[in-house]
There are 2 protein chains.
Amino acid sequence: MGATKTDNYTDEQNKIALLLKALGHPARIAIIEYLIKVNSCICGDIVNEIKLAQPTISQHLKELKNVGIIKGSIEGTAICYCIDETVWNQIQAYFENINLKLIEKSTNCC
Amino acid sequence: MGATKTDNYTDEQNKIALLLKALGHPARIAIIEYLIKVNSCICGDIVNEIKLAQPTISQHLKELKNVGIIKGSIEGTAICYCIDETVWNQIQAYFENINLKLIEKSTNCC
DNA sequence: CATATCTATCGTAATATTGCAATATTAAAA
DNA sequence: TTTTAATATTGCAATATTACGATAGATATG
């Protein structure tokens, strides 16, 4: 136990869960919001922005990159990160789809 | 360590992170999708739908209820769960807001 | 080359999550 | 009241996550 039983679910369910799990930490939310705020992609002053040690930020960036929410390109000694809009749109589409269904059949009993 | 340092972040960041974290597990995604599919709210045949033990499902339901994504009303010996559209709309609004900003300034360097 | 800078990785401690068996709780039904 | 059915809670084992210090790797600059 302790490990998620991914076999029980569809690939889609597993995928969206992984994406949302990656966003399910305030540090990673803060990173995303910062990346959006500074417009042009930003490298390691995320460490200055968020009160966490550099290895911790690096770890969070890695997680976001692993699921495809952000991407980074090397720029000299620094690395330029930014949001991958493709994956982001997938997340948005998922929520929109569910919202449509919710509106469609709004026969709540609770 | 091992505990998230919530003090570093805004209330909003912590809140949205908690909501997305709650959705960041395939079982809970499956529960949400099932609740939507069966339209009228459903009780404990979620256990039949998803291959997990009853206490495990109960635990996942509790987590979803804790953050307000679902609500349940007692109906005799069964409990009727359904999605709380208020919180759901908050999540959607969050993503929409970010998407707007993404479109606004789409000067990606990666 | 030596040094400084930026980022990643490793190792590890503290804590959280996942999942289940056993058991408790609650309310309908017999 | 006894029984049955539906959920919740408890306790626990296995695993995952979070965070950081130490260190390594890569690249620019003197």
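Scope of the values below: all heavy atoms of this structure, side chains included, with no hydrogens, waters or symmetry mates. Since the model is a prediction, treat every value here as computed from it, not as a measurement.
Counting heavy atoms from C-beta on, the side chains of Tyr34(A) and Asp45(A) come closer than 4.5 Å. In this structure the side chain of Leu23(A) never reaches within 4.5 angstrom of the side chain of Ile16(B), judged on heavy atoms. With a 4.5 Å cut-off on side-chain heavy atoms, Thr56(B) and Ile50(B) do not count as touching. Two residues are said to be in side-chain contact when any heavy atoms from C-beta on lie closer than 4.5 Å; Leu52(B) and Ile46(B) fail this criterion.
The two residues His25(A) and Ala17(B) make their nearest non-hydrogen contact at C-CB, 3.7 Å. The minimum heavy-atom distance between Ala22(A) and Val67(A), with the atom names listed, is CB-CG2, 3.7 Å. In this structure, Tyr81(A) and Gly72(A) approach most closely via the heavy-atom pair CD2-CA, 3.6 Å.
Sorted by first then second residue, the side-chain hydrogen bond (donor to acceptor under 3.5 Å, both in side chains) pairs that include residues 61-70 of chain A, not counting sequence neighbours, are Arg28(A)-Glu63(A).
Between His60(A) and the phosphate of dT17(D), there is no side-chain N or O to OP1/OP2 separation shorter than 4.0 Å. Look at Lys51(B) and you won't find any side-chain N or O under 4.0 angstrom from OP1 or OP2 of dG19(C).
As a whole-Å value, the separation of Asn48(B) CG from dT7(D) P is 10 Å. Regarding Ile46(B), its CD1 atom lies at a distance of 16 Å from the C1' atom of dA5(D), rounded to whole Å. Remark: P of dT17(D) and CD of Glu63(A) are 7 Å apart, rounded to the nearest angstrom. As rounded to whole Å, 12 Å separates atom P of dT18(C) from atom CD1 of Ile57(B).
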Q. How does each nucleotide of nucleotides 25-30 of chain D score, in 5' to 3' order, for protein heavy atoms under 4.0 Å: base (B), sugar-phosphate only (S), or none (-)?
A. --SS--

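Contact annotation for Leu52(A): backbone-only contact, meaning every heavy-atom pair under 4.0 Å involves sugar-phosphate atoms and none involves a base.
Between the side chain of Asp84(B) and the main chain of Ile70(B), no donor-acceptor pair closer than 3.5 Å is present.
At a non-hydrogen distance threshold of 4.0 Å, Lys21(B), His25(B) from residues 7-26 of chain B come into contact with DNA chain C.
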In residues 88-95 of chain B, what donor-acceptor pairs under 3.5 Å come from side-chain atoms, sequence neighbours left out?
unit_1   : atom_1 : unit_2   : atom_2 : d
Trp88(B) : NE1    : Asn99(A) : OD1    : 3.1
Asn89(B) : ND2    : Glu85(B) : O      : 3.3
Gln90(B) : OE1    : Lys15(B) : NZ     : 2.9
Gln92(B) : OE1    : Asn99(A) : ND2    : 2.7
Tyr94(B) : OH     : Glu33(A) : OE2    : 2.6

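Across dA16(C), dT15(D), dT7(D), the shortest atom-to-atom separation from the side chain of Ala3(A) is found for dT15(D).
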Protein N or O to nucleotides 8-11 of chain C N or O, pairs below 3.5 Å:
unit_1 : atom_1 : unit_2   : atom_2 : d
dA8(C) : OP1    : Tyr81(A) : OH     : 2.5
dA8(C) : OP2    : Ser58(A) : OG     : 2.9
dA8(C) : N7     : Gln54(A) : NE2    : 2.7
dA8(C) : N6     : Gln54(A) : OE1    : 2.9

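Lys51(B) meets the side chain to side chain contact (heavy atoms under 4.5 Å, CB included) test with Asn8(A); sequence neighbours excluded.
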